[in-house]
Amino acid sequence: EAGASALLLRVCLVLLASPIYLLSFLGIWEPFCRKVVFPFLLDKIGAIHEKKAKKHKQELFRNLPDFRGPSGALRLLEIGTGHGPNFQFYPAGCRVTCTDVNPHFQESLAKNMKKNQHLQYERFLVAAGEDLGQVPSGSVDVVVGTLVLCSVHSVSNTLREVLRVLRPGGAFYFLEHVAAEHSSWTYFWQQVCNPTWKLVFAGCCLTRELWKNLEEAKFSELKIQHISIPMPCMPIEQHIVGYGVK
């Protein structure tokens with residue numbers, strides 16, 4: 001019965017958003033979304049999420065310096081950098097390479113770089129998480145991805161690339177929203193909203209059980225914590241946070 005109700009509500013939502021679906025069918029929506037809609041939404045909703053996630057991120061990134069390479073420098077690659085909300089948590093002198101599949105964050109990214117001059121910015125690559133071919137194997141100490149595994153095309157391929165670019169003993173840090181408990185109302189609404197949400201939020205999927213992908217990846221050590229970050233009127237409360245060591 002819950003499945004039928006979810007399907008009915010999903011159809012209603014699709015009808016409400018039918019102009020977007022039409023633009024998508026015509027091939028107009030995706031470039032417009034990437035250039036205008038998604039950066040705008042990420043700026044507004046991202047600011048709320050950042051406030052609520054701040055203490056979790058401070059805790060998460062506290063041991064970053066432990067992964068400095070033999071040279072004493074910390075070479076960090078961030079996938080799905082967006083406008084760079086994580087820069088403030090990185091230790092001084094950290095050498096940062098930014099990647100994002102969407103090149104339209106440059107303006108707010110530059111603003112955040114200016115604000116965080118304690119870091120050395122190496123380069124910005126337009127690249128998907130699944131295809132980090134421009135980054136040599138074993139060349140970084142740490143990879144960071146926050147709110148990015150929800151929208152990559154293939155989580156397992158992305159994690160394979162993460163492990164490839166990390167040096168042995170390096171670490172992958174993550175904070176991601178995930179599917180809620182299947183018997184919960186939140187999961188019901190995640191199922192209702194998912195197709196339309198994906199369209200509006202540039203491929204972001206609400207129902208991924210990302211902890212399973214991380215457990216299946218070949219990390220030698222994995223620390224995962226399930227946490228709650230309540231977001232007003234949004235079906236993205238359940239999160240996982242932690243890091244995996246290569």
Side-chain angles (χ1 to χ4, degrees), residues 42 46 50 53-103 105-149 152 155 157-176 210 213-214 217-225 240-246:
L42 200 64
E50 282 312 310
K54 187 166 186 173
K55 64 175 196 302
H56 296 293
K57 284 192 176 182
Q58 283 168 331
E59 185 58 37
L60 172 66
F61 293 127
R62 227 183 24 208
N63 68 342
L64 269 178
D66 297 353
F67 290 99
R68 287 181 202 276
S71 68
L74 182 71
R75 297 161 306 168
L76 185 149
L77 170 78
E78 183 164 353
I79 53 173
T81 308
H83 46 75
N86 295 325
F87 294 161
Q88 55 180 309
F89 303 107
Y90 299 159
C94 178
R95 292 162 55 182
V96 182
T97 297
C98 308
T99 74
D100 205 292
V101 73
N102 187 344
F105 289 113
Q106 245 77 337
E107 205 178 306
S108 44
L109 184 66
K111 214 186 297 175
N112 255 337
M113 284 176 163
K114 228 180 232 129
K115 251 192 247 168
N116 293 281
Q117 296 198 345
H118 63 292
L119 306 176
Q120 289 179 40
Y121 300 100
E122 304 273 281
R123 53 191 183 143
F124 179 88
L125 307 172
V126 177
E130 304 93 323
D131 182 18
L132 300 170
Q134 299 170 75
V135 183
S137 301
S139 66
V140 296
D141 304 305
V142 166
V143 176
V144 173
T146 59
L147 304 184
V148 69
L149 294 179
V152 294
V155 179
N157 288 353
T158 300
L159 292 176
R160 202 171 299 136
E161 274 292 79
V162 164
L163 282 161
R164 180 186 66 77
V165 301
L166 277 174
R167 64 163 174 82
F172 171 54
Y173 283 75
F174 54 86
L175 185 149
E176 299 283 348
L210 295 168
N213 301 91
L214 285 155
K218 302 276 190 285
F219 289 105
S220 64
E221 183 192 336
L222 184 62
K223 295 195 187 316
I224 297 187
Q225 202 185 341
I240 54 169
V241 61
Y243 64 93
V245 180
K246 178 171 172 176

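- A side-chain donor-acceptor contact under 3.5 Å links Lys246 to the backbone of Leu166.
- Distance OG1/Thr158 to CG/Leu132: 7.5 Å, rounded to 0.5 Å.
- When every heavy atom of Leu74 is checked against every heavy atom of Leu64, the shortest pair comes out as CD1-O, 3.8 Å.
- Two residues are said to be in side-chain contact when any heavy atoms from C-beta on lie closer than 4.5 Å; Val241 and Phe174 fail this criterion.
- For the atom pair CG of Asp66 and CG of Asn63, the computed distance is 5.0 Å after rounding to the nearest 0.5 Å.
- Looking at Asn116, its side chain never comes within 3.5 Å of a backbone N or O of His118 through a donor-acceptor pair.
- Note that CG of Leu159 and CD of Glu130 are 10.0 Å apart. Values are rounded to the nearest 0.5 Å.
- Annotation: salt bridge (charged side-chain N to carboxylate O under 4.0 Å, His left out) contacts involving residues 134-147, sequence neighbours excluded, comprise Arg75-Asp141, Asp141-Arg167.
- A search for side-chain hydrogen bond (donor to acceptor under 3.5 Å, both in side chains) contacts involving Gln58 returns nothing, not counting sequence neighbours.
- Looking only at side-chain heavy atoms (C-beta outward), Ile79 and Val152 stay at 4.5 Å or farther from each other.
- The closest side-chain heavy-atom distance from Leu175 to Leu147 is below 4.5 Å.
- Here the side chains of Val126 and Val101 are not in contact, with every heavy-atom distance at 4.5 Å or above.
- Proximity of a side-chain donor or acceptor of Thr97 to a complementary backbone N or O of Leu77 within less than 3.5 Å is not detected.
- Taking the salt bridge (Lys or Arg N to Asp or Glu O under 4.0 Å) definition, one finds that Arg164 meets it with Glu161, sequence neighbours left out.
- A donor-acceptor distance shorter than 3.5 angstrom exists from the side chain of Glu176 to the backbone of Leu149, with no hydrogens or angles considered.
- The nearest pair of heavy atoms linking Asn112 to His83 is ND2-O, 2.6 Å.
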Kindly list each side-chain donor-acceptor pair under 3.5 angstrom involving residues 87-96, sequence neighbours excluded, with atom names and distances?
{"unit_1": "Gln88", "atom_1": "NE2", "unit_2": "Pro85", "atom_2": "O", "d": "3.2"}
{"unit_1": "Tyr90", "atom_1": "OH", "unit_2": "Glu78", "atom_2": "OE1", "d": "2.7"}

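- A distance of 8.5 Å separates CG of Leu125 from SG of Cys98, quoted to the nearest 0.5 Å.
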Distance-only donor-acceptor hits, side chain of residues 217-224, under 3.5 Å, sequence neighbours excluded:
{"unit_1": "Ser220", "atom_1": "OG", "unit_2": "Val245", "atom_2": "O", "d": "3.1"}
{"unit_1": "Glu221", "atom_1": "OE2", "unit_2": "Lys223", "atom_2": "NZ", "d": "3.3"}

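- In this structure, the separation between CZ on Phe105 and CZ on Phe124 is 8.5 Å, given to the nearest 0.5 Å.
- Partners of Tyr173 according to the ring pair (Phe, Tyr, Trp, His ring centres under 6.0 Å) rule, which considers only residues two or more places apart in sequence or in another chain, are Phe61, Tyr243.
- Between Leu76 atom CG and Gln120 atom CD the span is 12.5 Å, to the nearest 0.5 Å.
- In terms of modelled atom types and a separation under 3.5 Å, the side chain of Asp100 and the main chain of Thr81 share a donor-acceptor contact.
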